[in-house]
Each structure stands twice: as C-alpha cells, then as structure tokens.
Visitor: 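If you scroll down you'll find the structure; I have some questions about it.
Proteins come first, then strands; the chains are lettered A, B, ... in the order of their sequence lines, and each starts at number 1.
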Amino acid sequence: GQQVMQIPQYQHVQEGEDFTTYCNSSTTLSNIQWYKQRPGGHPVFLIQLVKSGEVKKQKRLTFQFGEAKKNSSLHITATQTTDVGTYFCAVNAGGTSYGKLTFGQGTILTVHP
Amino acid sequence: GAVVSQHPSWVICKSGTSVKIECRSLDFQATTMFWYRQFPKQSLMLMATSNEGSKATYEQGVEKDKFLINHASLTLSTLTVTSAHPEDSSFYICSAQVRQHQPQHFGDGTRLSIL
C-alpha cells in the first residue's frame, strides 16, 4: 500500500510565527488529505488535494500538492494558540481498499503565547 | 452535516472484561466505517475496515477474534474488545465514509483503560 513520510514530528513556535509541515511519498498519489487533531480530540478533515500543483487556501492555511503528486505541504501563516494540535496528512491505500487511508506520522504543533 | 457519534467516550474496567464500542453516523449513511487505534503522540493505526452486511477486513497483525467488528446497518458499526487486558488500553476511534475516496468523518473516540 501507499506509504507517506511526514516531517517534522514536532514543531514549537512563538505565536505569530509561521509553521509548515511536509508529507512525501515515493510513489505518485491519486490525492492527499489533511486532518487536524486537537489535544484530546479526534481528527477533523481540513482539505483534499487532487490536482498536480494544486494550491488551496483556508484563511491562514495554505495547502500545496506537488507537481509530481508525490509531496504536499501545509503552511500556517502567523500562528495562533488555536492552531495547537497534531496535523496529519493521509493518502488512499490504493487498489480495492474501499477508500482506507494511510496516515502520516503527524506533526505536533505547539504555539507559545 | 456528517456527524459521527461514538459511545462510550471513556471506559475503565477490569482485566478479562469484554467492552463494546458503538459508532453511529447520525445524518448520513456510511457505506464504510473504519476502526483505528491511537497511542499517545502517535499516528492513527488502522485496525479494520467495516462494510455493512459483510465481514470486516482486518489489517495485518490485528487479531479478529480479539477485536470483533459488526456492521449491522448503514449507520452503525460496533467494535467489541473481548477479554480485554492492560495492553489493550488505548484510544480507539471510528470513522465513517459516504463513498470511497471521500473524506472520513471521525467519532470523538473512546479511551479504554484496563486495570
């Protein structure tokens, strides 16, 4: 199945600083999804990227899908304490897998006020 | 929309007890539901894929006799941890999907502690 590497594992920033997490695959992906999990909470779907080179924005969040569809990034501009949590990328396992996802290792974001 | 309810949210029980966790899609019909296990500060590990009316598909290394999954309807899947032991203590999360390759909608999770 599809595998995806996500870095960094941890990121500590001061409020107002930017943050980026990256996901990389050795194979071409059909699409990639991003989720956020607040401490003690459950993952919440943020976005799905499908097209090569796609860039999507949600307020201070910018999502990119690489031209080769092998990597993706999530960038947060001017972080706020409400951005705290773990950000996961997830890719479809492929084949007849009924849409099951393989999650990246996640990046735990801490924002210091 | 796309609300998934998971119950109970917290379970503490003695070793040897069987625990049932329910996952319901409240406002949509889910063709597929997934069960995950998550350890602190780690990623989600898929345990099994559950389709209504058919047997669950378990991931490699997951004991199907230990983790019984029943998907009785398009809105309900249950996970039963049979004869639970302390090593089964974890955070279990379900998710539901309307169609393949669509986003997954997660329940709030169940924190299971076996004494």
Side-chain angles (χ1 to χ4, degrees), chain A residues 1-12 21 23 25 29-51 56 58 63 65 69 84-110, chain B residues 1-7 9-10 21 23 28 30-62 69 71 77 90-111:
Chain A
Q2 300 275 18
Q3 299 291 327
V4 62
M5 295 296 296
Q6 185 173 358
I7 57 171
Q9 186 176 1
Y10 299 94
Q11 187 74 62
H12 300 265
T21 175
C23 280
S25 171
L29 304 169
S30 58
N31 61 71
I32 191 164
Q33 299 177 14
W34 286 92
Y35 292 80
K36 175 184 179 181
Q37 184 176 22
R38 292 181 185 273
H42 62 274
V44 174
F45 172 76
L46 295 176
I47 209 160
Q48 177 169 275
L49 304 174
V50 179
K51 298 178 182 178
K56 287 189 176 180
Q58 292 178 351
F63 303 85
F65 202 9
K69 300 181 71 172
V84 165
T86 303
Y87 293 84
F88 293 100
C89 62
V91 299
N92 288 109
T96 57
S97 59
Y98 296 102
K100 73 177 187 181
L101 295 174
T102 299
F103 282 80
Q105 295 85 345
T107 296
I108 300 174
L109 173 63
T110 304
Chain B
V3 177
V4 176
S5 172
Q6 187 173 340
H7 178 81
S9 57
W10 198 291
I21 303 170
C23 181
F28 67 101
T31 56
T32 307
M33 289 185 174
F34 303 88
W35 288 96
Y36 295 86
R37 185 173 180 176
Q38 187 179 35
F39 292 104
K41 299 191 176 182
Q42 293 191 20
S43 189
L44 287 83
M45 294 174 48
L46 180 65
M47 299 174 66
T49 302
S50 172
N51 288 286
E52 183 265 340
S54 62
K55 290 183 179 180
T57 302
Y58 290 82
E59 294 300 300
Q60 190 173 9
V62 177
I69 292 173
H71 197 148
S77 177
S90 189
F91 187 51
Y92 293 87
I93 316 177
C94 71
S95 71
Q97 190 177 51
V98 177
R99 285 183 299 278
Q100 191 174 355
H101 302 306
Q102 291 296 307
Q104 293 186 17
H105 305 283
F106 287 83
D108 287 339
T110 298
R111 297 197 181 280

Visitor: State, yes or no, whether a side-chain contact exists between B:Q104 and B:I93 at a heavy-atom distance under 4.5 Å.
Guide: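 No. Closest side-chain heavy atoms not under 4.5 Å.
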Visitor: Whether the A:Q11 and A:T21 side chains hold a donor-acceptor pair (N or O, under 3.5 Å, no angle test) is what I'd like checked.
Guide: no
Visitor: Please flag which part of A:F103 lies under 4.5 Å from any non-hydrogen atom of chain B: side chain, backbone, both or neither.
Guide: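 Interface part for A:F103: both.
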Visitor: With only heavy atoms counted, which part of A:L101 is less than 4.5 Å from chain B, the side chain, the backbone, both or neither?
Guide: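 Answer is both: backbone and side chain atoms of A:L101 are under 4.5 Å from chain B.
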Visitor: If you measure only the distance, is there a donor-acceptor pair under 3.5 Å linking the side chains of A:Y35 and A:Q33?
Guide: yes
Visitor: Tell me, for A:Q48 versus chain B, whether the close heavy atoms (under 4.5 Å) come from the side chain, the backbone, both or neither.
Guide: side chain
Visitor: As an exercise, state the distance from CH2 of A:W34 to CD1 of A:I47, rounded to the nearest 0.5 Å.
Guide: 11.0 Å
Visitor: Is chain A contacted by the side chain of B:Q102, its backbone, both, or neither, given a heavy-atom distance below 4.5 Å?
Guide: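 Contact with chain A: backbone only.
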Visitor: Which answer fits A:Q37, side chain, backbone, both or neither, if we ask what part of it has an atom under 4.5 Å from a heavy atom of chain B?
Guide: side chain
Visitor: Ignoring hydrogens and geometry, is there a side-chain-to-backbone donor-acceptor pair from B:Q6 to B:Y92 under 3.5 Å?
Guide: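 Confirmed, B:Q6 side chain pairs with B:Y92 backbone.
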Visitor: Measure B:L46 against the heavy atoms of chain A and call it side chain, backbone, both or neither at under 4.5 Å.
Guide: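 Side chain only.
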